[in-house]
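Below is one structure, written out as structure tokens; the observations come after it.
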Amino acid sequence: MSAKILYGKDFAAQIKESARTEVDKLKNQFNVTPGLAVIIVGENPASQVYVRNKHKTCEELGIKSEVVALPETTTKEELLAKIDALNADKTIHGILVQLPLPEAVKAHSDEILNRIDPLKDVDGFHPMNVGKLVTGTPALVPCTPAGCIEMLDLAGIEIDGKRAVIIGRSNIVGKPMLHLLMARHATVTVCHSHTKNLPEITREAEILVAAMGKPKFVTADMIRPGAVVVDVGINRIAPKKLVGDVDFDAAVEVASAITPVPGGVGLLTVAMLMKNVVTAAKLQLGV
């Protein structure tokens, strides 16, 4: 058996096309152009690449894009003041602070992210949006787990009633994924570094989500034959070599469907960010 490969490019294109349609509707019906502001502090090369990709995708879809580049020496107070100004700017519907922040302000990351207006929090990290996710109230949801759900839907993979296992309990992927899968009526188990008999649990999964940040951690013998494997991990093991949290070459012979790394879930994150910008604009317009 050889699994169907779930390439992120195909699903990202569909998500972006849907976002483009919604952008056009907002422009035509309300004369509003959704706007995204991305704040980048310092000159981290990886962060600069991510920000360029976001800016380029905004331009492709007709979304207003503002990149706020601040020097490495920016203080917490200066950064908070910039966020306050963007919160007040009615032409900006989404605000994102690119992580990681420089060492000088890194310790204040939570305070900085929480300063963003929850209605403009397109990363879905604000406690108010987290609370809404937990209680099943419509809100802005973290892009990567939301992209995983969107991908499963577009691929025609049933979630309702399935047994799902998540390896990893981060606030960015693991915990939001738990609530998104439960909202779709899956029975969900979350595993982590303290979980005992991990392979025994993962072999029960019809949908297995790997998000712990350990290269090739999930081996073929941990996967139930015919399971759908969603690999969220991105691990650099050489200057130009990326691998996921799953041993792809072995897993592809056991799973029914699997996401590759690179080329899988990572491509969905920016697409879902665009969708969140549109959703934020609608929330602020009350439509």
Side-chain angles (χ1 to χ4, degrees), residues 3-26 33-36 38 46-65 67 93-94 96 98-99 121-125 140-159 166 170 172-174 176-177 180-181 184 207-211 228-236 242-246 248 251-252 255-282:
K4 177 183 178 183
I5 312 300
L6 302 173
Y7 291 107
K9 182 179 179 181
D10 302 332
F11 301 111
Q14 295 178 66
I15 295 166
K16 287 192 284 190
E17 191 54 44
S18 173
R20 188 200 309 274
T21 300
E22 292 300 311
V23 169
D24 290 342
K25 282 183 184 178
L26 288 170
T33 299
L36 171 67
V38 178
S47 292
Q48 289 177 328
V49 171
Y50 294 141
V51 170
R52 280 198 298 271
N53 287 342
K54 290 164 185 171
H55 180 71
K56 180 183 176 184
T57 307
C58 281
E59 290 189 327
E60 288 174 6
L61 303 184
I63 294 171
K64 174 187 173 182
S65 173
V67 176
H93 303 93
L96 183 156
Q98 185 65 46
L99 301 177
D121 167 39
V122 285
D123 263 336
F125 294 161
L140 295 166
V141 178
C143 300
T144 300
C148 293
I149 298 293
E150 195 90 6
M151 176 193 66
L152 294 174
D153 285 343
L154 292 171
I157 294 168
E158 185 67 43
I159 300 174
I166 304 164
S170 73
I172 296 173
V173 178
M177 197 78 203
L180 289 171
L181 285 167
R184 298 293 298 276
I207 299 172
L208 178 61
V209 180
V228 174
V229 178
V230 180
D231 191 351
V232 185
I234 300 177
N235 307 286
R236 189 174 297 278
L242 294 176
V243 298
D245 288 350
V246 177
F248 180 86
V252 78
S256 63
I258 186 169
T259 60
V261 178
V265 171
L267 295 174
L268 300 173
T269 302
V270 172
M272 289 307 297
L273 173 63
M274 300 300 116
K275 185 171 181 176
N276 272 0
V277 174
V278 173
T279 299
K282 287 180 171 182

The criterion is salt bridge (charged side-chain N to carboxylate O under 4.0 Å, His left out); which residues satisfy it with Lys25, sequence neighbours excluded? Glu22
Sorted by chain and residue number, the salt bridge (charged side-chain N to carboxylate O under 4.0 Å, His left out) partners of Arg20 (sequence neighbours excluded) come out as Glu17
Measure across Gly147 and Met272 and return the closest heavy-atom pair with its distance rounded to 0.1 Å. CA-CG, 3.3 Å
Nearest heavy-atom pair of Leu242 and Pro262: which atoms, and what distance? O-CD, 3.8 Å
Under 3.5 Å, is there a donor-acceptor pair between the side chain of Thr57 and the main chain of Asn53? yes
Output the distance between atom CE (Met274) and atom CG (Leu36), rounded to the nearest 0.5 Å. 5.5 Å
Counterpart residues, side chain to side chain donor-acceptor pair (under 3.5 Å), relative to Glu59 (two or more places apart): His55
With the side chain counted from C-beta on, respond yes when Leu6 and Phe11 share a heavy-atom pair under 4.5 Å apart, and no when they do not. yes
Any residue meeting side chain to side chain donor-acceptor pair (under 3.5 Å) with Lys64, in chain and number order, not counting sequence neighbours: Thr91
Could you give me the CA-CA distance, side-chain angles and deciding distance for Lys282 and Thr279, then say whether side-chain contact (heavy atoms from CB on, under 4.5 Å) is met? CA-CA 5 Å; Lys282 287 180 171 182; Thr279 299; 5.7 Å; no
Side chain to side chain contact (heavy atoms under 4.5 Å, CB included) filter on Asp121, not counting sequence neighbours, yields Ile116, Asp123, Phe125, His126, Asn129
Has the side chain of Asn276 got a donor or acceptor atom that lies under 3.5 Å from a matching backbone atom of Val141? yes
Is there a side-chain contact between Met177 and Val230 in this structure, where contact means two heavy atoms from C-beta onward sitting under 4.5 Å apart? no
Output all residues satisfying side chain to side chain donor-acceptor pair (under 3.5 Å) with Glu158, sequence neighbours left out; order by chain, then residue number. none
Starting at CG of Asp24, measure out to OG1 of Thr33 and round the result to the nearest 0.5 Å. 9.5 Å
Residue set satisfying side chain to side chain contact (heavy atoms under 4.5 Å, CB included) with Val51, at least two apart, ordered chain then number -> Val38, Ile40, Val67, Gln98
Closest contact, heavy atoms only, Ala210 versus Val246: CB-CG2, 3.7 Å
Taking all heavy atoms of Ala280 and all of Val122, pick out the closest pair and write down the distance. CB-CG1, 4.1 Å
Any side-chain heavy atom of Cys148 sitting closer than 4.5 Å to one from Val209? no
Residues which pass side chain to side chain contact (heavy atoms under 4.5 Å, CB included) with Lys9, listed by chain and number, not counting sequence neighbours: Leu267
How long is the span from the CE atom in Met151 to the OG1 atom in Thr259, to the nearest 0.5 Å? 5.5 Å
Apply side-chain contact (heavy atoms from CB on, under 4.5 Å) to residues Leu208 and Asp231 and explain how you reach the verdict. CA-CA 8 Å; Leu208 178 61; Asp231 191 351; over 6 Å; no
Ala19 and Leu61 have their tightest heavy-atom pair at CB-CD1, 4.2 Å
Those residues at least two apart in sequence (or on a different chain) that pass side chain to side chain donor-acceptor pair (under 3.5 Å) with Asp245 are Asn235
Listed by chain and number, what are the side chain to side chain contact (heavy atoms under 4.5 Å, CB included) partners of Lys56, not counting sequence neighbours? Glu60
Would you mind reporting whether Ile15 and Leu154 have side-chain heavy atoms less than 4.5 Å apart? yes
Among pairs that include at least one residue of residues 144-155, which meet side chain to side chain donor-acceptor pair (under 3.5 Å), considering only residues two or more places apart or in two chains? Thr144-Thr269, Glu150-Lys275, Asp153-Arg184
Is Ile149 close to Ile159 at the side-chain level, that is, under 4.5 Å between some pair of heavy atoms? yes
Working note: Val228 + Ile258, criterion side-chain contact (heavy atoms from CB on, under 4.5 Å); need CA distance, chi angles, decisive distance, verdict. CA-CA 6 Å; Val228 174; Ile258 186 169; over 6 Å; no
Return the OG to CG distance between Ser47 and Leu99, rounded to the nearest 0.5 Å. 8.0 Å
Taking every heavy atom of Ile172 against every heavy atom of Pro142, the minimum-distance pair comes out as O-CB, 3.7 Å
